[in-house]
There are 2 protein chains.
Amino acid sequence: MGTLAFDVFTSERDDCVDPAGVTCQHCDLGTTAFCAGLTTGQFGRFIAVLEQATFEPQSTIFREGDPAQHLYTITVGAVKLYKLLSDGRRQIVAFLFPGDFFGLSGNGTYAYTAEAMLPLMACRFPRRKMDQLFKDLPMLEKKLLGAATQELDAAHDQILLLGRKTARERLASFLVGLWRRLGGSDDHPAPVALPMGRGDIADFLGLTIETVSRTFTGLRRDGLIFLPDASHLVIRRPKDLARIAEGL
Amino acid sequence: MGTLAFDVFTSERDDCVDPAGVTCQHCDLGTTAFCAGLTTGQFGRFIAVLEQATFEPQSTIFREGDPAQHLYTITVGAVKLYKLLSDGRRQIVAFLFPGDFFGLSGNGTYAYTAEAMLPLMACRFPRRKMDQLFKDLPMLEKKLLGAATQELDAAHDQILLLGRKTARERLASFLVGLWRRLGGSDDHPAPVALPMGRGDIADFLGLTIETVSRTFTGLRRDGLIFLPDASHLVIRRPKDLARIAEGL
DNA sequence: CGTATTATTGACCACTCTCAAAAAACGTGG
DNA sequence: CCACGTTTTTTGAGAGTGGTCAATAATACG
């Protein structure tokens with residue numbers, strides 16, 4: 001999984017060159033990118049420890065229990081993180097999109113399996129080079145702490161959802177959040193493509209496929225959402241759906 | 001809520017003096033303490049931004065939505081963090097004990113309410129002084145990132161528990177984890193005091209009080225645990241209880 | 001002790017799960 | 001492009017885990 005040039009992406013900072021002499025493959029994340037705000041000199045040290053990685057859809061990036069050798073941040077695509085019980089029960093703990101991090105570990109091994117849901121591009125940082133990088137660029141450590149804090153908030157929201165919300169409230173919460181993250185507009189009825197199937201949604205919301213399907217049908221029948229097909233979503237009444245999500 | 005001297009605690013580092021001239025109130029956390037590993041000079045800067053805070057049992061430390069002005073680390077006592085839905089449904093997102101942090105915020109307001117479960121002593125750091133402190137003592141930022149990572153792992157475990165485990169598996173997981181954290185021994189049958197009631201356990205495990213009570217009775221009838229009274233626990237067969245917790 | 005709170009137990013109910021089948025969508029090769 | 005098989009989604013009927021409502025028992029506290 002070597003360094004690749006993604007020259008399909010236009011660069012806003014064409015002064016940045018990686019050590020191999022290849023024009024740096026920028027993501028289009030702007031100020032939310034991990035590397036945003038670095039000077040050219042800092043960026044050189046940054047790019048020196050960075051690896052670009054690509055993964056096929058449905059491919060496993062790492063498994064629960066593997067030694068935690070890399071930290072990842074997504075530039076293009078989507079990832080699911082999940083944990084398994086020995087009898088096969090699965091819980092998806094997060095869906096991640098461009099700008100999100102994964103692979104942080106407390107004990108040296110990954111606590112979850114990471115799997116690409118779409119063709120994936122990610123920046124990858126070897127764990128053993130991170131200490132030096134943080135010493136050089138303390139701001140990166142701050143950004144990482146901020147990202148971890150946000151992930152913790154999201155995890156707490158998910159705990160509230162799983163512990164205390166009904167199936168209808170769970171799906172409403174999920175769709176409202178996803179709609180926002182995927183750029184759905186409250187005014188324009190442009191459908192948003194859902195990158196995951198009913199099974200993944202079920203394993204994220206602590207439900208079964210059948211209950212997810214029935215609940216989709218219920219929201220559709222009540223005019224809250226519109227489904228051009230099973231994997232495309234329009235939220236017709238965002239305010240009402242958000243109220244349901246909060247249990248109102 | 002001013003600075004207090006907790007001279008009931010014996011000090012291992014009696015060379016440390018806070019700016020007011022009072023002998024520093026050490027916690028007995030050893031190498032796990034936030035301040036562990038600091039030199040005397042560093043410790044001076046550390047203590048300069050630190051406030052000591054005490055809280056009565058059942059008192060609220062801060063509420064969900066309050067401006068996030070402080071970061072806390074527990075020295076003595078126990079804390080619960082919870083979120084509420086508008087109709088009163090409550091989800092406890094964490095029980096915290098000495099050495100644990102709380103109060104990190106992504107958006108400037110607390111995402112949960114924090115309440116003392118026991119007489120509480122905590123070190124408190126004003127958010128506006130943290131940047132300077134991190135610049136002086138970068139190791140503290142590393143420790144905080146490590147703590148946030150651990151909390152994130154714990155949150156993911158709780159997500160798995162709430163999404164995919166049965167009531168029996170949930171209580172078994174909870175008791176095994178609590179037993180370890182409160183210093184229960186696999187050999188000695190010394191009961192451990194549970195600092196929370198059935199209602200708190202229910203709101204942590206996503207169950208009702210009645211189901212928690214019935215499940216306690218079930219584990220007791222099966223000889224896995226022993227309850228001298230409702231708030232004291234002995235785990236009789238730790239291995240078997242741990243197997244139940246993992247769904248085996 | 002008497003009172004209030006908390007925990008336990010019981011009977012019944014409902015939300016979601018399980019099992020099953022039908023329908024729709026997708027992919028592949030002819 | 002269509003026929004076919006596979007996979008995914010939807011829908012249906014029935015069952016079960018855990019919830020609700022209610023009463024009793026135990027505990028804590030003045």
Side-chain angles (χ1 to χ4, degrees), chain A residues 56-58 80 85 87-92 117-118 161-175 191 193-222 225-233 244 247, chain B residues 56-58 80 85 87-92 117-118 161-175 191 193-222 225-233 244 247:
Chain A
E56 299 293 317
Q58 328 304 344
K80 64 186 173 204
L85 292 174
D87 62 358
R89 280 175 285 175
R90 183 181 70 151
Q91 178 65 39
I92 294 180
M117 300 197 297
L118 299 169
L161 180 150
L162 294 170
R164 289 299 178 223
K165 291 187 183 178
T166 65
R168 188 176 169 92
E169 291 163 354
R170 291 182 198 195
L171 187 58
S173 301
F174 173 68
L175 294 180
L194 304 180
M196 70 290 287
R198 298 291 183 269
D200 283 350
I201 296 174
D203 283 349
F204 184 61
L205 299 181
L207 301 169
T208 59
I209 290 178
E210 295 92 326
T211 297
V212 169
S213 183
R214 277 187 254 271
T215 308
F216 261 113
T217 302
L219 293 177
R220 182 161 45 73
R221 284 184 52 75
D222 296 344
I225 62 172
F226 171 58
L227 297 168
D229 62 88
S231 66
H232 288 268
L233 168 74
I244 291 170
Chain B
E56 299 293 317
Q58 327 304 343
K80 63 186 174 205
L85 292 174
D87 62 358
R89 279 175 285 176
R90 184 180 69 151
Q91 178 65 41
I92 294 180
M117 300 197 297
L118 298 170
L161 179 150
L162 293 169
R164 289 298 178 221
K165 290 187 184 178
T166 65
R168 189 177 169 92
E169 290 164 353
R170 292 182 197 196
L171 187 58
S173 300
F174 173 68
L175 294 179
L194 306 179
M196 71 290 287
R198 297 293 183 266
D200 283 350
I201 296 174
D203 283 350
F204 184 60
L205 299 181
L207 302 169
T208 59
I209 291 178
E210 294 92 327
T211 298
V212 170
S213 185
R214 278 187 253 270
T215 308
F216 261 115
T217 301
L219 294 178
R220 182 161 44 73
R221 285 186 52 75
D222 295 343
I225 63 172
F226 171 57
L227 298 168
D229 62 88
S231 66
H232 288 267
L233 168 74
I244 292 171

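The basis for the numbers below is simple: all heavy atoms, side chains too, and nothing from hydrogens, waters or symmetry mates. Here the structure is a predicted model, which is why all the values come from computation and not from measurement. Within every chain, numbering begins at 1; the chains are lettered A, B, ... in the order of the sequence lines, protein sequences first and strands thereafter.
The side chain of B:Thr208 contributes no N or O atom lying less than 4.0 Å from OP1 or OP2 of D:dG18. When the side-chain nitrogen and oxygen atoms of A:Arg214 are compared with OP1 and OP2 of D:dT11, none of them lie within a distance under 4.0 Å. Contact annotation: B:Thr166 side-chain N/O to D:dT17 OP1/OP2 distance is not under 4.0 Å.
In this structure, A:Ile209 atom CD1 and C:dA21 atom C1' are separated by 15 Å, rounded to whole Å. In this structure, A:Leu162 atom CG and D:dG18 atom C1' are separated by 16 Å, rounded to whole Å. If you measure from atom CZ of A:Arg221 to atom P of D:dT10, you get 14 Å, rounded to the nearest angstrom. B:Leu171 has its CG atom 13 Å from the P atom of C:dA7, to the nearest Å.
Contact of the A:Gln91 side chain with the B:Leu161 side chain is not registered, since no non-hydrogen atoms from C-beta on lie closer than 4.5 Å.
Distances were taken from every side-chain heavy atom of B:Ser213 (C-beta onward) to each of C:dT8, D:dT20, D:dT11; the shortest belongs to C:dT8. In this structure, of C:dA7, D:dG19, D:dT11, it is D:dG19 that holds the atom nearest to the side chain of B:Thr211. Out of D:dC21, C:dT8, D:dT10, the shortest distance to the side chain of B:Thr217 is found at C:dT8. Between C:dT18, D:dT9, D:dG18, one nucleotide has an atom nearer to the side chain of A:Glu210 than all others, and that is C:dT18.
In this structure, A:Pro228 and A:Arg168 both approach DNA chain C, and ranking their closest nucleotides by distance from the 5' end singles out A:Arg168. The 5' end of DNA chain C is approached more closely, in terms of each residue's nearest nucleotide, by A:Gly206 than by the other of A:Gly206 and A:Ala230.
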